[in-house]
Amino acid sequence: MITDLSQTMDSLMYPQERYERLADIAYRRSGPDLCDLGYANFHGGPPPAVLEILRDCLEDMRPLDLQYTPYGGAVITRRLIAERLRHSHGLPFGWRNVILTPGAMAALNILFRAIAAEDSSAEVIVPVPCWLDYVLYLNNLGLRPVLAPLSPRTFRLDLNRIAEAISGATRAIVFSQPANPTGAIYSREELCGLADILRTRAGNRILLISDECHRDTVFPGSRFVSPAEFYDNTCIVYSFGKAFRIQGQRTGYIAVSPGIGNQEGVVRNLERLCRATGFCTPTSLMQLAVRGLLSVELDAAPILRRRNMMLEALRAAGYEAAPSEGTYFLYPASPVPDDFQFVEMLAGNGVLTLPASVFHHRGHFRVSLTAPDSHVERAAQTLAAVIGQCRSSRNYVSRRTKAVG
Ligand SMILES: Cc1ncc(COP(=O)(O)O)c(C=O)c1O
């Protein structure tokens, strides 16, 4: 079943605002002892190499370095990113294919605005669970999100559901991978299958928005592949906030696939939208910093260690939890049907996690592994104790971990 959604801002914001009230109470109750595994804020701050680059940018500053940059961003920065993308994605990106934005949120909004400008009642397919704000942005711009569930428990792309969701009004599909909240990485076969469907059912007219914010955090045994390799009508969205741990510095980009039709027109339109919105260029300081950030070696090992520890503890305690293949997250099943009620129980015991309802889904909760080791370890003990309390409740949902693999 494809869920059709036309909700008001109030109902879309409800789970998030309810969570924020809960977080506020939990912080007031537990203070610094609270194990905050809710939002993906890095409690340890950015790596030293990133801080050094930011310091160097200020020290080596030339007089015009902090003045206006062109819409779309400084050419040198765009050129360096394009060069990187040519290597990582194997496609001939040029500097104009890269449009710098203040983070991925702005990149998504610019792309959605471009769609709305062409067709104000367009539909956009969103596989769910999804990153929390896609639906909010689409709704805010008057576009119609059409939710297409991922396959239950394993969270793979369900190509049949996506095919069913395509209508004459579909203009785009948007998803993240490595996926937030599930941590899934889609295989070449899944992405080729998706590209085939988009080509055969809609003759390439559907824009694929590939949100690659988490592509730098991939665990051994998995490999990230961009759908841009298989489908020309693709725009990539990226954020420097994640792997570099500077989410508040609001820096990211859209990369327009070199294979897209009317490339010149698409790029010009996106640059113009950056201007027309008036708030869609990152600060000049961050555009300078990006030039250095591109050479920082990223290390996913600390996250992998926490992921392994938490996964083992969750499974030992009886939770159903698929191993994430990347990202900072685990997305276990809630042992009671109401995921919000479960998240409230955890918060009452000093552990914050995000309920599935903020991801347009049910029956799960997201654990972020960005808290300090000691908090992740304590949270694992609390989760084991709380499932024990749930077992004695008549609402307890018994699920076997081994079915997930
Ligand atoms: C999948 C995904 N997309 C977009 C964003 C927004 O990124 P940014 O903070 O760079 O705007 C996030 C942030 O959590 C994310 O996880």
Side-chain angles (χ1 to χ4, degrees), residues 16 19-20 22-24 26-27 30-51 54 103-105 129-133 176-185 211-219 222 224 238-252 293 296-314 319 321-332 343 346-347 350-356 358-359 364-383:
Q16 181 112 16
Y19 168 76
E20 271 156 23
L22 178 69
D24 193 42
Y27 262 103
S30 305
D33 286 340
L34 183 72
C35 299
D36 185 349
L37 278 54
Y39 290 136
N41 282 313
F42 276 92
H43 294 244
V50 170
L51 293 175
L54 292 173
M105 297 180 196
C130 66
W131 179 63
L132 59 178
D133 283 349
S176 66
Q177 74 113 10
N180 182 358
T182 66
I185 296 182
D211 179 342
E212 301 182 2
C213 282
H214 294 276
R215 70 172 183 233
D216 304 308
T217 309
V218 173
F219 303 139
S222 299
F224 166 79
Y238 179 79
S239 169
F240 289 91
K242 301 291 165 206
F244 300 95
R245 306 181 181 179
I246 46 170
Q247 297 177 100
Q249 289 305 109
R250 317 302 314 132
T251 314
L293 292 179
V296 171
E297 294 279 330
L298 297 167
D299 182 11
I303 293 290
L304 177 62
R305 216 180 37 245
R306 287 180 201 159
R307 183 276 233 160
N308 290 345
M309 187 280 291
M310 179 58 90
L311 184 64
E312 206 174 301
L314 285 169
Y319 287 89
S324 47
E325 296 164 278
T327 75
Y328 305 140
F329 312 121
L330 279 166
Y331 194 58
V343 163
L346 289 176
V351 173
L352 266 184
T353 57
L354 275 178
V358 307
F359 304 108
H364 286 251
F365 60 104
R366 191 191 77 176
V367 172
S368 173
L369 303 163
T370 49
D373 283 342
S374 59
H375 282 198
V376 177
E377 279 159 23
R378 190 141 46 82
Q381 288 162 13
T382 305
L383 278 153

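Here the structure is a predicted model, which is why all the values come from computation and not from measurement. Here, residue 1 is the first one in the sequence, and each next residue gets the next number.
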Return all side-chain donor-acceptor pairs below 3.5 angstrom for residues 38-45, not counting sequence neighbours, or 'none' if the list is empty.
unit_1 : atom_1 : unit_2 : atom_2 : d
Tyr39  : OH     : Gln16  : NE2    : 2.9
Tyr39  : OH     : Glu20  : OE2    : 2.6

Keeping the roles fixed (side chain from Ser324, backbone from Phe329), state whether a donor-acceptor pair exists under 3.5 Å. yes
Has the side chain of Glu325 got a donor or acceptor atom that lies under 3.5 Å from a matching backbone atom of Ser222? no
Quick one: pull up CG in Asp24 and CG in Leu352 and give me the separation to the nearest 0.5 Å. 10.5 Å
Could you grab the distance from atom OG1 of Thr382 to atom NE2 of His375, nearest 0.5 Å is fine? 10.5 Å
Any side-chain to backbone donor/acceptor pair from Ser374 onto Pro372? Under 3.5 Å, distance only. no
Measure the shortest side-chain to side-chain distance between Val218 and Pro178 over non-hydrogen atoms and say whether it is less than 4.5 angstrom. yes
When rounded to the nearest 0.5 Å, the distance separating CZ of Phe219 from OG1 of Thr327 is 6.0 Å
Does a side-chain heavy-atom distance below 4.5 Å link Met309 with Leu369? no
Any chance you could measure Leu37, atom CG, to Leu354, atom CG, to the nearest 0.5 Å? 10.0 Å
When you look at Phe244 and Thr251, which way does the side chain to side chain contact (heavy atoms under 4.5 Å, CB included) test go after all the steps? CA-CA 11 Å; Phe244 300 95; Thr251 314; over 6 Å; no
Result for side chain to side chain contact (heavy atoms under 4.5 Å, CB included) between Val343 and one of Val351, Val358, Leu22 points to Leu22
Does any part of the side chain of Thr370, heavy atoms only, come nearer than 4.5 Å to the side chain of Arg245, both counted from C-beta? no
Could you walk me through whether Gln249 and Phe240 pass side chain to side chain contact (heavy atoms under 4.5 Å, CB included), step by step? CA-CA 9 Å; Gln249 289 305 109; Phe240 289 91; over 6 Å; no
Nearest heavy-atom contact between Gly326 and Ile185 is N-CD1, 4.2 Å
Tell me, do Arg307 and Pro323 make a side-chain contact under 4.5 Å, heavy atoms counted? yes
What residues form a side-chain hydrogen bond (donor to acceptor under 3.5 Å, both in side chains) with Gln247, not counting sequence neighbours? Lys242
Correct closest heavy-atom pair for Leu330 and Ala322 would be CD2-O, 3.8 Å
Which distance, rounded to the nearest 0.5 Å, do you find between the CE of Met310 and the OH of Tyr319? 9.0 Å
What pair of heavy atoms forms the shortest contact from Ser239 to Gly241, and how long is it? OG-N, 2.9 Å
How far does OH of Tyr331 sit from NE2 of His364, to the nearest 0.5 angstrom? 6.0 Å
Counting only N and O atoms by type, is there a donor-acceptor contact under 3.5 Å from the side chain of Arg378 to the main-chain atoms of Asp33? yes
If every non-hydrogen atom of Ala321 is compared with every non-hydrogen atom of Leu311, which pair is closest and at what distance? O-CD1, 3.7 Å
Please check if the side chain of Arg306 supplies one atom and the backbone of Ala371 the other of a donor-acceptor pair under 3.5 Å. yes
Where Met105 and Trp131 come nearest, the two heavy atoms and their spacing: CG-CH2, 3.8 Å
